[in-house]
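Read the structure below first, then the notes.
For the numbers below, each heavy atom of this structure counts, side chains included, while hydrogens, waters and symmetry mates do not.
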Amino acid sequence: MAHITVDGTLLEVTEGALLIEELLHNKINIPHFCYHPSLGKDGNCRMCMVEIEGQKRPQIACDTPIKNGMIVRTKGAKIDQVKRAMLELELINHPIDCPICDQAGECQLQNYYMDVGLYESRLSTPKTHGQKRVDLGANVVLDQERCVLCTRCVRFTQNIAKTNELGVLKRADHSVITTFPGTQLSSPYAMNVVDLCPVGALTNKDFRFHKRVWFLQSQEAICNGCARGCSLFVDHHKEKYKEEVIYRYRPRLNVDVNGYFICDAGRLSYKNENACQGVHPLIRGKISESEYAEGKLLKLLKRHQGKTLWLISSTLSVEEMVRVQQVARTYGSFVSAYGALYEDVSFGDTFLKCSDRSSNGRSLKLLHIDASEGYFETALDEATLVITVGRNDVDTLDAKGYSNSVVIVSQQPLEACEGVELFLPMSSHMARDGSFINIDGRIQYSACAIPLSPDVKPLLSILANVLNDGVFTCKEVWEHHLSDRAPFLDVSFENLPIKIDL
Amino acid sequence: MGIKIVKREGGSLKDRLYIPAIFGGMKTTLRHFITNISDTSKVKTFSYPEVQPSDITSRYRGIHRLTKREDGSIRCVACFMCATACPAECIFIEAKEREDGVDEKMPEIFTIDVLECVFCGGCVEACPCDAIRMDTGIFSFVALKREDFVLTKERLLSHEAKKETL
């Protein structure tokens, strides 16, 4: 522990840590480009200048280890003049094309530019021009003119992705970020450089020109792409006279799971959510009211009491799974998760991506839901009604020679509805909240519930209406059904996220 | 906080009689009547729509127009500043990649619903590229259907600035 004084306030900090780390940790605004907590210091942008008592010249906060009794000034006429000069240098060749730049609104350079107010360029010679709209591959577009050469992207490919595709070419004014000749960005984590880039030099080709960022609203969620369960920000917006649309996923800092990054596959999986919009309940292929369809579900359950098989998916949340079990117990039916667990060896790697693609496969085992083929076949022989939940793989049933009634409760639109008694849409992953257990046994609550399709209900509401017991929310499910059974005895909704033994 | 006591006006006998005030008003009416009857060319009213107003200046906020560059192409870069500034949220833009090499971005769709517009001029103020103006001088906009009041990009581009008449 060490004590330092910053702008007259005494702070308790870790001795030997980098000054910028502690300043940012204490919410002291310190402009910086090249420093990033995951990439460490580089000291090339010189934006984080601070005055340190006893030192002749201003020092960069990112490469100054903390010593006890340091007196630091981040404000004042002298240091402002230095910062102003640094910013002017950064802006010499910057095109200031914020109107067409996707980063505008979340751009560090723009923020500092507005803070300092250096609106007029003092440059008498023309600006050095670079290439614009360079496709680096992997959905990353480079604008060389906007780059401040902080080399965060270069260091990311070197230290984190370890694919080394990027480098700085040429000298001085002509320096540009580029891929090495004949190569393209190819890392499955490449799009993280877009988040890392503090300016608009690297932008996301998939998001390019789709939405100005200040319109977006963010919600916190958990990715459902694989068993890792990375933390996300879901950026969505409802345009006037239109439905809610998800525009992008961004990584959310979670030191226990994914750090600052997510994989590109997860990042682009927002499209699946948007594809789940515009679905209607179908009774024997005919569009129906959702209340009527729910009534039909209840009627079918009663008619096939004791002879129903619930075939559930591993994408359901813990709460939904336990509620399906509850319904099954009430109506004396079977619950199987046959075919819900699947491994994709080509997907997994040693960083974040897991071969296990089921977002909540661990819960099946913990809740003793049988996924074996033997149990499924036995149950199917007895069943006169199969209800698939969160999946619509009718061909699995066909393959086993099943020919009785089928009900599908799923978030995905139905392609072929032949022979399907009832199709009841349920909210997709980002349209309902729920808890998921990741590969390490961490139970994480995904709070994101964007009303993507206003008429479609979450599964918990559908099941609450079937059971008629008023348990609608995840919190209520935890209180009534989960916190009193192993292995969730020490877990309550309030103390999520929590790690349990698998 | 203190209480400020305001003296109520109009309590005097002269005010309560109303007659002096009525005569005061009638005096003004009579003066205008005599001026107009002695020289009819000075009458302020005109027979609209046969006679159109001539005092609409370039500062008058009429129907919007999208301006063009020197080469005749659209100036707008779809930065959404106007849509952001619009208090009526009546500007609908969809951006696309600009392929002609003039710039990087342009609007695919740029519509203004003039039925929703409150003609505040906020869009003109907000535009960083001088791409939208309200100097067409169009003060009266007539259509038969609601849909015709939703002005498309092409329509907005076809509007011209009002010629200054001296």
Part of B:E108 lying under 4.5 Å from any heavy atom of chain A: neither
Quick check: closest heavy atoms across A:P99 and B:C79, and the distance to 0.1 Å? O-CB, 3.0 Å
A:K240 (side chain) donor-acceptor with B:E89 (main chain) under 3.5 angstrom: yes
If you round to the nearest 0.5 Å, how far is [atom2] of [Y] from [atom1] of [X]?
| X | Y | atom1 | atom2 | answer |
| --- | --- | --- | --- | --- |
| B:K96 | A:H210 | NZ | NE2 | 14.0 Å |
| B:F80 | A:F215 | CZ | CZ | 6.5 Å |
| A:F209 | B:I93 | CZ | CD1 | 13.5 Å |

Could you go through the salt bridge (charged side-chain N to carboxylate O under 4.0 Å, His left out) check for B:E94 and A:K242 one step at a time? CA-CA 13 Å; B:E94 262 174 48; A:K242 287 186 185 166; 3.4 Å; yes
CA sep, side-chain torsions, deciding dist, call: A:D97, B:E104, side-chain contact (heavy atoms from CB on, under 4.5 Å): CA-CA 10 Å; A:D97 54 353; B:E104 277 185 77; 4.2 Å; yes
More than 12 heavy atoms of other residues, nucleotides or ligands under 6.0 Å from [atom1] of [X]: is that the case?
| X | atom1 | result |
| --- | --- | --- |
| B:E50 | CD | yes |
| B:L17 | CG | yes |
| A:E239 | CD | yes |
| B:Y48 | OH | yes |

SB check B:E97 A:K205 (cutoff 4.0 Å): no
